[in-house]
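Start at 1 with the first residue, then count along the sequence. If you're wondering where the values come from, they're calculated on a predicted model, not measured in any experiment.
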Amino acid sequence: QTDTRLTTNNGYYLMAMEEYISWTGDTKMLEDHLDDMRRALLFSLEALDGKSGLLKTDYISGKKTTVVLPQKFGMQGNGWYDCNLTSSINLEANVVFYQSLLAMIQLEKLAEEAGIDVGATSIRNPWPFNAGATDIVYSYDAQALTELAEKVKDTVCQDYDKGGLWNPETGRFA
């Protein structure tokens, strides 16, 4: 049994919301859901360590185990459809994360233009699951998100031996 949550769900949610709100100009929808969208991004930034420049799938429960010899073969990929075991950092999750940052940049700009203020957004730090947990407050504006998106793009495009996902020997992403 593994955790069936996908690290890409929040990213697809943010991209869909940005597409809808930008197309329709529905500022009521933006105001009603901005807090939820910020929380979705905070999960990617904090629990999945996206703020480091690369999203990691380590958080997802059970992804590190196999039926035979846990930890020996690596990790289940990013989703239920991905049966091949991969490292905890994969291209798909990070491309979706990058795109979700671009979507959130646009949503933050739309909120600012519309004068929408939903107050402070925070999530509860999931680690550890005891008295040590703390609140994490969303402190990103469009500029900070733009800088993070550039960091993600740059990190993904770095050679894999320098912490990125590009393999210069094959001319492909690893």
Smallest separation among heavy atoms of A149 and I105, with atom names: CB-CD1, 4.3 Å
Closest approach of D49 to S52 (non-hydrogen atoms, all atoms of both residues): O-OG, 2.7 Å
Would L165 and N90 count as a side-chain contact (heavy atoms from CB on, under 4.5 Å) here? Give the steps. CA-CA 8 Å; L165 295 172; N90 68 68; over 6 Å; no
Just distance, no hydrogens or angles: give the donor-acceptor pairs under 3.5 Å from side chains in residues 156-164, sequence neighbours left out.
none

For Y138, ring pair (Phe, Tyr, Trp, His ring centres under 6.0 Å) partners two or more places apart: Y140
Qualifying residues under ring pair (Phe, Tyr, Trp, His ring centres under 6.0 Å), relative to F173, sequence neighbours excluded: W166
If you measure from [atom1] on [X] to [atom2] on [Y], what distance do you get to the nearest 0.5 Å?
X    : Y    : atom1 : atom2 : value
E150 : T155 : CD    : OG1   : 10.5 Å
T8   : L55  : OG1   : CG    : 9.5 Å
L54  : L48  : CG    : CG    : 12.0 Å

Hey, are the side chains of [X] and [Y] touching, using non-hydrogen atoms and a 4.5 Å cut-off?
X   : Y   : result
N94 : I89 : yes
R39 : F43 : no
S44 : T7  : no

Can you list, by chain and residue number, the hydrophobic cluster partners of Y12 when the side-chain cut-off is 4.5 Å? M15, V96
Hey, can you pull the donor-acceptor pairs under 3.5 Å for the side chains in residues 110-122, sequence neighbours left out?
unit_1 : atom_1 : unit_2 : atom_2 : d
D117   : OD1    : G119   : N      : 3.0
T121   : OG1    : D35    : OD1    : 2.6

Could you list all the salt bridge (charged side-chain N to carboxylate O under 4.0 Å, His left out) pairs where at least one residue sits in [range], not counting sequence neighbours?
range            : result
residues 135-145 : R124-D135
residues 97-109  : R38-E108
residues 165-174 : none

Show me the donor-acceptor pairs, under 3.5 Å and distance only, between side chains in residues 19-30 and residues at least two apart or in other chains.
unit_1 : atom_1 : unit_2 : atom_2 : d
Y20    : OH     : D26    : OD2    : 3.4
S22    : OG     : E18    : O      : 3.0
S22    : OG     : E18    : OE2    : 2.6
T24    : OG1    : Y20    : O      : 2.8
T24    : OG1    : D26    : N      : 3.2
D26    : OD1    : K28    : N      : 3.3
D26    : OD1    : M29    : N      : 2.9
K28    : NZ     : D32    : OD1    : 2.9
K28    : NZ     : D32    : OD2    : 3.3

Set of residues satisfying side-chain hydrogen bond (donor to acceptor under 3.5 Å, both in side chains) with respect to E147, sequence neighbours excluded: Q143
Between side-chain atoms of residues 97-104 and protein atoms elsewhere (two or more places apart, or another chain), which donor-acceptor pairs fall under 3.5 Å?
unit_1 : atom_1 : unit_2 : atom_2 : d
S100   : OG     : F97    : O      : 2.7

Restricting to salt bridge (charged side-chain N to carboxylate O under 4.0 Å, His left out), what partner residues turn up for K51, sequence neighbours left out? E46
